[in-house]
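Reviewing the structure listed below.
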Protein chains: 2
Amino acid sequence: MTSSVPQAPALLSRAGLRDVARRAGVSTATVSRVLNGSAAVRDDKRRAVQRACDELGYVLNAAARTLSSRRSMTIGAVVPTLATETFSRPLAAFQQTVHKAGYTLLVASFGFDEQVELKEVQTLLEHGVDALMVVGRTHDPKMWQLIERKRIPCVQAWTQDQERPSVGFDNVAVSRRMVEHLLDLGHRRFAMLVNEPHFNDRVGDRVIGTRARLAEAGLEIPAHWFMETTLSLEHGIAAMQHLMRGPERPSAVICANDLLAFGALLAARTLGVRVPEDVSVVGFNDFDYARHLSPPLTTTRVELEEIGANAGAYLLEALAGKPPKGPIEVTTELVVRGSSGPAPGFYG
Amino acid sequence: MTSSVPQAPALLSRAGLRDVARRAGVSTATVSRVLNGSAAVRDDKRRAVQRACDELGYVLNAAARTLSSRRSMTIGAVVPTLATETFSRPLAAFQQTVHKAGYTLLVASFGFDEQVELKEVQTLLEHGVDALMVVGRTHDPKMWQLIERKRIPCVQAWTQDQERPSVGFDNVAVSRRMVEHLLDLGHRRFAMLVNEPHFNDRVGDRVIGTRARLAEAGLEIPAHWFMETTLSLEHGIAAMQHLMRGPERPSAVICANDLLAFGALLAARTLGVRVPEDVSVVGFNDFDYARHLSPPLTTTRVELEEIGANAGAYLLEALAGKPPKGPIEVTTELVVRGSSGPAPGFYG
DNA sequence: AGGGCCGATGTAACCGGTTTCATCACAGCG
DNA sequence: CGCTGTGATGAAACCGGTTACATCGGCCCT
């Protein structure tokens with residue numbers, strides 16, 4: 001065996017705090033203080049430490065730091081999926097916000113499965129996240145048990161909730177407003193086109209708000225005009241085709257997402273259905289393309305970035321010990337464009 | 001002081017491995033074995049341990065585990081931004097792939113700033129990621145130093161590279177193919193519309209490929225027809241307007257992204273420029289909407305999910321000790337649709 | 001000059017797991 | 001019956017930081 005040849009530790013970045021301390025001629029405590037700026041250190045020693053770090057190529061070990069200091073400087077986010085704008089854009093803003101405060105983001109996605117969500121939250125807690133962002137306000141109660149045991153701040157984004165911190169808007173109110181707009185235009189025959197899954201509380205609330213406002217006007221959405229479909233352009237097209245091919249047609253199609261509305265407009269064009277003369281189509285989110293569709297899409301504008309940024313800011317405040325706020329509202333606005341018009345035969 | 005009231009440790013999830021061991025009547029080593037399935041444990045003890053975990057609400061401490069086992073079961077990803085489909089969709093696939101193997105994803109984004117990228121990689125390494133995915137193949141050399149010191153596998157996604165592991169396609173070759181398609185249609189006056197920033201190597205390679213193929217045909221892109229702009233619909237529109245308002249017009253506009261091409265088509269319609277009769281427009285990516293634009297967009301289809309999934313699979317293999325492969329290619333395909341046609345006055 | 005204080009520094013315990021190695025019980029075998 | 005090999009188990013070192021606490025030297029004040 002020739003394995004007894006000694007290796008210079010620096011070569012492998014095996015250098016630890018103790019190596020740095022030795023090289024700088026100080027104690028590990030002092031090195032730690034320099035690294036954290038946590039206490040006063042004489043200037044010459046500070047520089048000696050910094051030089052030693054450079055020379056050794058010292059890389060901190062966050063696991064050790066987390067273990068001993070009980071803070072990981074990571075923040076977790078659990079989202080249904082990263083693959084759609086609705087979540088990726090706010091998440092990007094969230095990441096930037098917490099990053100400015102020195103936090104690293106841990107991400108998990110759960111594909112709209114509540115049990116997977118629970119599992120992911122557990123994993124993030126095991127990894128010692130200092131705070132957590134989750135989506136929506138319906139979760140397995142065990143999730144809250146876990147979080148409360150860890151006593152870390154947690155914010156629910158994309159929603160409003162009275163019981164626990166939240167950042168979002170009132171999906172019920174927002175959809176009522178849209179229905180009112182359509183009622184004002186004389187519409188009485190409504191269809192709704194929502195993305196799966198139904199137990200998604202954001203979409204669920206919008207359905208509730210829509211139905212509630214319709215009920216107040218003595219109206220309802222017939223079962224065969226309520227369509228639940230995968231969130232994609234193709235599925236939006238297919239659903240609209242289905243709606244337009246029935247013996248009777250709705251005069252207004254309320255889509256839970258601009259992407260579905262985009263599909264609906266495409267389908268209408270293909271079928272020779274005029275928008276808004278024959279049927280009005282409205283969306284949700286005001287994605288970039290909404291104003292450029294033909295006709296331009298009536299929709300509800302949501303400041304997606306604001307959701308992530310505010311959620312991040314809230315958690316940072318909570319970590320700094322500030323008292324929890326009530327629900328934080330983000331901007332929404334009804335944007336009326338060309339895709340919604342008077343119901344056929346209506347002269348308001 | 002009344003603070004001497006003892007607290008049951010279970011209430012705060014303060015239960016540690018030792019508490020579990022004590023309650024189950026075994027040693028910490030045995031508990032660890034049960035938790036990891038790392039060695040045989042008699043069945044009755046195993047059950048006792050599991051029960052103790054449940055009863056105490058035991059939550060593992062990943063920092064401690066990482067520290068002592070030297071593996072964190074996390075994988076890092078450093079992307080320019082989470083906010084665009086190009087990165088978020090593959091990242092979602094990446095996350096799912098590594099998650100199946102028990103890994104948690106740590107994400108950092110660097111906003112196309114190489115120095116920030118370096119910083120982020122360092123942070124992820126500090127956090128002890130077991131493997132790393134980066135985007136593209138141009139990085140600060142220090143980044144590789146850091147990674148090599150840690151001796152962890154690292155894959156470059158969205159690109160092909162001969163020196164280090166990569167998952168992607170040859171941007172040069174792909175753009176040459178597109179140019180050939182347009183040359184075949186008789187085009188001679190080319191404009192290019194690319195998203196910032198230019199030092200982005202994926203887009204950079206496409207520019208190189210485009211220019212190279214044009215040069216072979218004795219052509220080039222005039223400086224004022226080479227436009228670099230932010231990746232957004234609005235900017236695509238603005239750039240196309242600018243191109244179409246000049247004294248002379250290109251007969252083909254090559255966009256580095258479908259989103260810009262979408263904008264270009266919108267601008268053309270507004271200006272009364274016919275596509276493809278007056279000008280051909282081509283994109284890149286084949287996003288869902290590409291086939292539904294009017295006219296349908298000629299573009300290069302890229303399997304974005306494949307990038308993330310393959311990158312994840314590669315890293316998992318590397319972690320399992322399999323030998324590194326050469327560059328892994330992902331599928332691309334030239335998709336000819338209605339937005340490209342013969343150059344004006346060309347009868348091929 | 002002596003006492004008190006304060007700021008800089010070092011010593012060593014500690015965070016909560018994993019893992020090496022020794023030990024032990026027991027089955028199989030001569 | 002005693003010896004040996006095997007598989008299960010436990011004791012304790014260890015991972016690499018942070019931090020409570022002790023210490024020390026110097027300054028100010030009376």
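Note that these values count all heavy atoms, side chains included, but never hydrogens, waters or copies made by symmetry. Every chain is numbered from 1 and lettered A, B, ... according to where its sequence line falls, protein lines coming before strand lines.
- Between D/dA8, D/dG16, D/dG10, one nucleotide has an atom nearer to the side chain of B/Ala29 than all others, and that is D/dG10.
- Residue A/Ala64 has its side chain nearest to D/dG17 when only C/dG16, C/dT19, D/dG17 are considered.
- Residue B/Arg33 has its side chain nearest to D/dG10 when only C/dG17, D/dG16, D/dG10 are considered.
- Between A/Arg42 and C/dT9 there is a side-chain N or O to OP1 or OP2 distance below 4.0 Å.
- Between A/Asn61 and D/dC15, a side-chain N or O to OP1/OP2 separation shorter than 4.0 Å is absent.
- No side-chain N or O of B/Glu114 forms a donor-acceptor pair with one of B/His139 less than 3.5 Å apart.
- Residue A/Ala40 places its side chain closer to C/dA8 than to any other of D/dG16, C/dA8, C/dG10.
- Contact annotation: side chain of A/Arg18 to base of D/dG17, donor-acceptor pair present below 3.5 Å.
- Considering only side-chain N and O atoms, B/Ser69 lies nowhere under 4.0 angstrom from the phosphate OP1 or OP2 of C/dT18.
- Listed pair A/Ser32 / D/dT18 meets the phosphate criterion, a side-chain N or O lying under 4.0 Å from OP1 or OP2.
- The distance from atom CZ of B/Arg22 to atom P of D/dA11 is 12 Å, rounded to the nearest whole Å.
- At whole-Å resolution of the value, CZ in A/Arg70 and P in C/dC14 are 11 Å apart.
- For the OP1/OP2 pair of C/dT18 and a distance below 4.0 Å, the side-chain nitrogens and oxygens of B/Arg65 include at least one atom meeting the criterion.
- For A/Ser27 and C/dG10, the shortest distance from a side-chain N or O to OP1 or OP2 is below 4.0 Å.
- A salt bridge does not link B/Arg23 to B/Asp19: none of the charged side-chain nitrogens sits closer than 4.0 Å to a carboxylate oxygen.
- Between A/Glu148 and A/Arg164 a salt bridge is recorded (basic side-chain N to carboxylate O distance below 4.0 Å).
- Two residues are said to be in side-chain contact when any heavy atoms from C-beta on lie closer than 4.5 Å; A/Glu85 and B/Glu85 fail this criterion.
- Of the listed nucleotides (C/dG10, D/dG10, C/dT9), D/dG10 has the atom at the smallest distance from the side chain of B/Val26.
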